[in-house]
Amino acid sequence: MCGRATLTCPPEVLAEHFGVALPASLVLPRFNITPSQPMLVVRATRSGSPADREAVMARWGLVPHWAEDASIGARCAQARRETIAQSAAFRDAFRARRCLVAVDGYYEWRRAHPQQKKTGAATPHWVHRGDGAPFALAGVWERWTTPEGERVETCAVITTEARGDVAQLHHRMPVVVPRERFSAWLAASPTGASELLSQIAEESAEGLACRAVSPRVNRPEHDDAACLEPATADAPLAPEPQLTFRF
DNA sequence: CCAGACGTTGTT
DNA sequence: GTCTGG
DNA sequence: CCAGACGTTGTT
DNA sequence: GTCTGG
């Protein structure tokens, strides 16, 4: 879950919402952001006050500082809330390098029936805020140095048990940080971060809406507004339990 | 002591 | 089936 | 997350 | 880098 994302809102909306200047390398709009691609992340500045933030682009798929090659990043696009504080790959970042991953939606694929594994019958859904605002996924970031000495910034999104109506889509969901908790999340002490994360996770479904969209988004090279087209109601391969436009 | 893992998803 | 690339 | 590849030799 | 398994 949460293995694709969107960032389609105007840059001035993003800058205002997160209280940052946007990096020059940010490309907008994005309708199909995949793991391995740059994500917009907001973090505390190196020596600034808790409210002092900066935005940078970080490759989606965290690579721990001790990794010998970057391949582990392919399996570290998400970090489980339940284990992040103990896991070797994520715990350092969780203590010292938490961030906000800026999105205005993410995709969730839902199979109507368990039997539909190889049949390509998973339907993509776009999860977004009912009010259309961008929002923040709880994340962590790392700086990895290649054998050649090049520095690469990477990030991961934290997932938790699905809450509320989003649970109808999937049993996991990203942790969503409400705007009033931005500073607390970025500034929490290493010990306080776990407690805060649990609190934030409980509220993660609030304000989210969802709609079934075109399978066009399945292909990572499709990065355009057609990905958000509502799924055509005809030719459903299987009856779906009532779950449609918005919660 | 050294060697080897270090992660998530989903699916059965 | 499993891994890599996007 | 899904899509697509998944292999070797030799020869041009 | 650090922990677990042998």
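Reminder, nothing fancy here: chain letters follow the sequence lines and each chain counts from 1.
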Mind jotting down which residue pairs meet the side chain to side chain donor-acceptor pair (under 3.5 Å) criterion with at least one end in residues 16-29 of chain A? Sequence neighbours excluded, please. A:E16-A:R179

Any salt bridge between [X] and [Y], counting N to O under 4.0 Å?
X      : Y      : value
A:D104 : A:R129 : no
A:E203 : A:R181 : yes
A:R151 : A:E142 : no

From [atom1] of [X] over to [atom2] of [N], roughly how many Å is that when rounded to an integer?
X      : N     : atom1 : atom2 : result
A:R4   : C:dG5 : CZ    : C1'   : 11 Å
A:I72  : C:dG5 : CD1   : P     : 16 Å
A:Y107 : D:dC1 : OH    : P     : 16 Å
A:M1   : D:dC2 : CE    : C1'   : 15 Å

Checking contacts here: which listed nucleotide (C:dG6, E:dG1, B:dT11) is nearest the side-chain heavy atoms of A:W66? E:dG1

So, OP1 or OP2 of C:dG6: does either fall under 4.0 Å of a side-chain N or O from A:R219? no

Counting only Watson-Crick and G-U wobble pairs with both atom distances below 3.5 Å, the stems of 3 or more consecutive pairs that include DNA chain B are B:1-6 with E:1-6

Please work out which residues in residues 81-90 of chain A have a non-hydrogen atom less than 4.0 Å from an atom of DNA chain B and list them by number. A:T83, A:S87, A:A88, A:A89, A:F90

In whole Å, measure the gap between the P atoms of B:dC6 and C:dT4 for me. 15 Å

